[in-house]
Amino acid sequence: MGVLDRFEKGVERVVNSAFAHGRAEIKPVDMASALRRELDDRAAVVGRDRTVVPNEFTIELAADDFTQVETWGAETLADELATNVTEYAASQHYAFVGPVSVSFEENEVLDQGRFHTRSASVRGNVAPATARPNARHPLLDIDGQRYLLTGKTTVIGRGTEADIVVDDAGVSRKHLEIRVTDDGVIASDLGSTNGLYVEGHQVPAATLLDGNTLTIGRTRIMFWTGAESSRDDEEW
């Protein structure tokens, strides 16, 4: 099943009734295709094996279409579109510099049934893991979810202020910091209640090695760089 096919299956529950009655003037699959073209058109090679694409997208809609999207469920549809963009980027080996987001905006100038897309590359501390990790942009696998570290410092915790939020009562609001330095990647306990364990040993801080397992609360974190550092990657 292709990326767009999976998208259509996933979005059926959001807009099924609208399509069933033939009243939809715009189709989510057209939005997904437009976002994919946006990735291809704005892809920028910034280093060996690293092509960066936009990660924040705005879809401008005519007033009636904007109302229709709100009726479908704008937040759920935006999440489905963001997932589709992430899957497509992975298939093309594109890299993001921050988390992927999609939003909708009303544009009174547009005719019904037409839409415009805008995009931007907005740096964050983490991004969906669509590209191969390296020493400057290592990968964390947290209970099956994979994140590429795109900033120098990443905070993991239960609180919404963390860069990576984990749903674990045994994890403090700001539990763990991962810092990428010239001398290696350092994991530090941020004064948490239950501590940081690296390879089963409780430590206040540790320099991570490829393949290390970290534990906070009941959450297991795998750390990977995957290959030697590529020094011609993009500048911070």
Side-chain angles (χ1 to χ4, degrees), residues 1-20 23-46 49-62 65-107 110 112-133 137 139-150 163-165:
M1 184 180 292
V3 174
L4 279 179
D5 292 328
R6 288 196 298 273
F7 171 76
E8 286 189 285
K9 293 288 289 184
V11 84
E12 275 180 359
R13 66 181 181 274
V14 184
V15 298
N16 184 60
S17 60
F19 288 146
R23 291 196 297 266
E25 295 294 334
I26 53 171
K27 294 181 179 180
V29 69
D30 293 334
M31 298 181 195
S33 295
L35 295 181
R36 289 168 54 149
R37 288 194 300 272
E38 192 79 6
L39 291 186
D40 292 336
D41 290 346
R42 299 198 57 190
V45 177
V46 296
D49 298 326
R50 185 168 170 80
T51 301
V52 169
V53 290
N55 60 296
E56 290 196 1
F57 304 88
T58 302
I59 299 176
E60 299 179 9
L61 300 162
D65 293 331
F66 182 82
T67 300
Q68 180 67 77
V69 166
E70 290 287 307
T71 301
W72 289 340
E75 184 175 348
T76 302
L77 180 56
D79 288 344
E80 292 285 351
L81 287 165
T83 298
N84 183 259
V85 164
T86 302
E87 291 178 353
Y88 180 69
S91 73
Q92 302 300 307
H93 304 292
Y94 293 152
F96 298 111
V97 298
V100 176
S101 67
V102 177
S103 61
F104 302 101
E105 186 176 287
E106 185 175 341
N107 185 330
L110 287 175
Q112 187 174 1
R114 299 182 63 84
F115 62 89
H116 291 161
T117 60
R118 304 196 315 268
S119 64
S121 292
V122 181
R123 182 173 293 282
N125 287 333
V126 295
T130 58
R132 188 172 58 192
H137 301 287
L139 180 149
L140 298 182
D141 185 315
I142 304 179
D143 291 338
Q145 293 290 324
R146 294 187 167 192
Y147 305 88
L148 202 67
L149 305 188
T150 50
D163 298 304
I164 301 176
V165 179

With sequence neighbours left out, write down each residue that passes side chain to side chain donor-acceptor pair (under 3.5 Å) with S119, or none if nothing qualifies.
E38, R42
Interatomic distance, CD@E75 vs OG@S103, rounded to 0.5 Å, equals 12.0 Å
Look at the side chain of S91 and the backbone N and O of Y88, then say whether any donor-acceptor pair between them is shorter than 3.5 Å.
yes
Taking all atoms of both residues into account, what is the closest heavy-atom pair of T130 and A95, and its distance?
OG1-CA, 3.7 Å
Which heavy-atom pair separates L39 from V53 by the least distance, and what is that distance?
O-CG1, 3.6 Å
First locate atom CG of D40, then atom CZ of R36, and finally report the distance between them rounded to the nearest 0.5 Å.
8.0 Å
CG/N125 to CZ/R123 distance, rounded to the nearest 0.5 angstrom?
9.0 Å
4.5 Å side-chain heavy-atom contact, L149 and V126:
yes
Hey, does L148 have a side-chain heavy atom less than 4.5 Å from the side chain of P128?
no
In the structure I gave you, are the side-chain heavy atoms of L81 and F104 within less than 4.5 Å of one another anywhere?
yes
Rounded to the nearest 0.5 Å, what separation is found between the CZ atom of F96 and the OG1 atom of T150?
11.5 Å
Apply side-chain contact (heavy atoms from CB on, under 4.5 Å) to the pair F115 and D30, showing each step before the final yes or no.
CA-CA 10 Å; F115 62 89; D30 293 334; 4.2 Å; yes
Nearest 0.5 angstrom please: L61 CG to Q112 CD, how far?
10.5 Å
Would you say the side-chain atoms of D65 pair up with the backbone N or O of G113, donor to acceptor, closer than 3.5 Å?
yes
Which of these, T83, I59, N55, T58, sits in a side-chain contact (heavy atoms from CB on, under 4.5 Å) with V102?
I59
Heavy-atom nearest pair, Y94 first then A43, reads CE2-CB, 4.0 Å
Give the minimum heavy-atom separation between E60 and L110, together with the two atoms involved.
O-CD1, 3.4 Å
How long is the span from the CG atom in D79 to the CG atom in N84, to the nearest 0.5 Å?
12.5 Å
Restricting to salt bridge (Lys or Arg N to Asp or Glu O under 4.0 Å), what partner residues turn up for E70, sequence neighbours left out?
none
N107 side chain reached by F66 side chain, heavy atoms, under 4.5 Å
no
